[in-house]
Student: 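I have a structure I would like to understand better, so I am pasting it below and will then ask my questions one at a time.
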Amino acid sequence: QPLFVKVCDTRKPLSASRLVDVLSTERRATPPQRQRQPGLAAASAAPVRQSPAQTSRQAAAPPPPSAAVFGYGGACGLLAPGSERSGDVAAQRSCGVTCGGCERRFCAACRLPVGDVSYAADGVERGGVLHGECKAEVVLQRVRDEEQARLQRDAAVKRDRCAEYGIGWKIEAVPRSLVVAAKLGFDLSATGGKMLCVAFEESTKTVSVVPTCDPAASINLEYLSLALQVRRREGREPFFSLDPIDSGLGDSLEDRRAAFQVKRFEPAWLAGTSVGEVMFQADYHLKELSMGECQQPVLGMRSCFELSEAEGFGDEWNAREWFVVRACEVQLSQDQVLIPRVKMGVEAREQVRCAHGLEDAPLTRPDHPLVRYAEAFSKHFDVIAERKSVIFHLRELAKATVLAKFLLETDTRLDESWFCAAAPAQGEGGPSKIPQLWNERYHSDIQVSAGRFGDAADGSIGVRVHGVYGGVQMGLERFPVQEVVVAPSRIS
């Protein structure tokens with residue numbers, strides 16, 4: 001075992017040559033001579049009667065120059081040549097003197113002695129060595145630094161693309177109901193800083209705009225006007241999806257980065273309107289959240305990639321997720337205010353590649369990472385809507401769409417101004433094609449066994465590709481809303 005040397009200096013430190021001599025003498029001693037005998041402690045503990053002359057002679061005697069205590073099981077404590085302080089640990093552990101005929105080597109990272117197995121230390125003085133465990137730490141830190149640099153480069157590229165293609169929800173995109181209310185003949189001075197809702201007169205089948213203090217009863221009038229247009233002209237609710245473009249590229253990472261997706265609005269004239277903008281931005285942000293590009297809005301939620309890694313779901317997969325309306329109704333308060341109620345969620349389904357592109361798989365396993373993420377998002381949808389503005393306004397659009405369906409299916413008498421009060425489309429609503437969002441994850445396994453360091457594989461990087469697509473598909477045809485439910489008063 002390596003020898004541990006502790007120097008107790010009372011006047012001046014021992015020189016390195018003197019310590020070598022003392023150490024050589026101690027190594028030649030037999031183990032019984034180095035061990036303290038049990039009876040010695042008991043004998044020394046007993047009081048010894050001394051004469052006054054002996055006591056005075058001991059007090060006048062000078063103290064010994066130094067005392068060395070030896071033991072086994074630690075690092076060599078020899079002072080490095082030129083070091084005069086026994087506490088200079090760095091100097092001690094970098095010493096290269098011969099200790100008892102053997103050359104001591106110390107790890108360049110932890111400064112502890114190195115045994116028979118060692119590795120060359122990169123970036124230190126020539127001849128430096130490392131333990132296997134320390135080598136693994138050095139390699140791991142280098143991989144982390146490279147990964148952090150790659151993430152920063154990717155983030156810069158994504159920021160530039162978002163600015164170029166108009167990706168990202170902005171508060172300026174929120175339509176104002178007061179502008180539409182003025183076109184409907186509503187007196188803006190009567191609002192008093194309140195929100196706006198729709199009052200319904202059952203006897204005459206007419207509606208009017210009134211102020212309210214209840215957020216549940218408020219309606220974004222521009223969303224309602226556009227939803228009425230879509231319902232009257234197309235007989236359906238607005239629809240949006242981001243579809244992959246089959247450009248003949250391969251499945252490599254570079255090809256995935258160069259891939260594009262196309263915006264698909266139904267009807268097509270929704271592109272450039274406030275309805276088309278909120279559907280596109282909400283769908284894109286859902287992809288960012290599910291792929292781990294942004295911080296999750298609820299504590300404990302994990303992205304589909306994190307779920308995939310935790311469960312060992314290592315195969316490549318493609319899937320789509322989309323916003324849906326799971327339940328809806330229209331309530332009529334005692335003061336004749338229409339209150340649309342919606343319960344929204346997210347659904348997901350795995351896709352398989354065929355000759356015509358991607359198609360929905362006949363059966364999607366319930367433990368699929370994207371399915372699990374969709375379930376968690378649906379569970380916390382209302383909380384997320386309060387924390388994410390774009391999700392909140394998508395829910396407001398769903399409320400307006402449900403109310404538009406009710407008004408037209410109940411043959412409510414609507415003036416033509418209700419259908420043309422919304423602001424006109426702003427051009428084409430940005431580029432019709434946008435770059436496909438990507439998120440690359442690299443995995444590297446490092447193994448250390450019995451002090452030996454080695455990669456788990458041959459150094460190659462395994463690549464798995466996951467594709468996420470989808471859109472906004474409310475599916476209101478499943479819910480009849482001709483009848484209203486009585487609710488408490490909503491005007492104050």
Side-chain angles (χ1 to χ4, degrees), residues 1-9 13-38 66-149 442-462:
Q1 294 181 346
L3 187 65
F4 174 76
V5 179
K6 179 180 180 182
V7 178
C8 301
D9 197 353
L14 293 176
S15 63
S17 59
R18 175 56 181 161
L19 276 178
V20 171
D21 296 337
V22 174
L23 180 60
S24 302
T25 305
E26 178 62 13
R27 287 193 173 209
R28 289 194 297 269
T30 59
Q33 291 176 307
R34 292 194 301 268
Q35 296 180 357
R36 192 172 186 178
Q37 298 179 1
S66 61
V69 180
F70 301 91
Y72 288 87
C76 175
L78 288 178
L79 294 176
S83 175
E84 297 297 334
R85 294 181 302 160
S86 59
D88 193 349
V89 179
Q92 296 174 27
R93 293 182 176 178
S94 62
C95 114
V97 301
T98 302
C99 302
C102 63
E103 181 72 18
R104 278 290 175 203
R105 297 184 304 166
F106 297 93
C107 178
C110 66
R111 301 299 183 182
L112 293 176
V114 176
D116 296 335
V117 179
S118 63
Y119 296 86
D122 300 331
V124 298
E125 62 275 7
R126 184 176 181 181
V129 294
L130 293 170
H131 292 107
E133 295 83 355
C134 296
K135 177 70 173 179
E137 291 289 341
V138 171
V139 173
L140 182 60
Q141 185 61 41
R142 184 174 67 246
V143 171
R144 288 173 177 170
D145 294 341
E146 294 174 354
E147 176 71 4
Q148 187 65 26
Y442 292 91
H443 304 271
S444 180
D445 296 329
I446 299 175
Q447 292 182 348
V448 179
S449 178
R452 296 182 180 276
F453 160 79
D455 293 329
D458 57 356
S460 60
I461 299 178

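Below, all heavy atoms of this structure are taken into account, side chains as well, without hydrogens, waters or symmetry copies.
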Student: Would you check if the side chain of His131 reaches a backbone N or O of Pro113 as a donor-acceptor pair within less than 3.5 Å?
Tutor: yes
Student: Might you point out which heavy atoms bring Ser118 and Arg105 nearest each other, and give the distance in Å?
Tutor: OG-NH2, 3.3 Å
Student: What residues, two or more places apart in sequence or in another chain, satisfy side chain to side chain donor-acceptor pair (under 3.5 Å) together with Asp145?
Tutor: Gln141
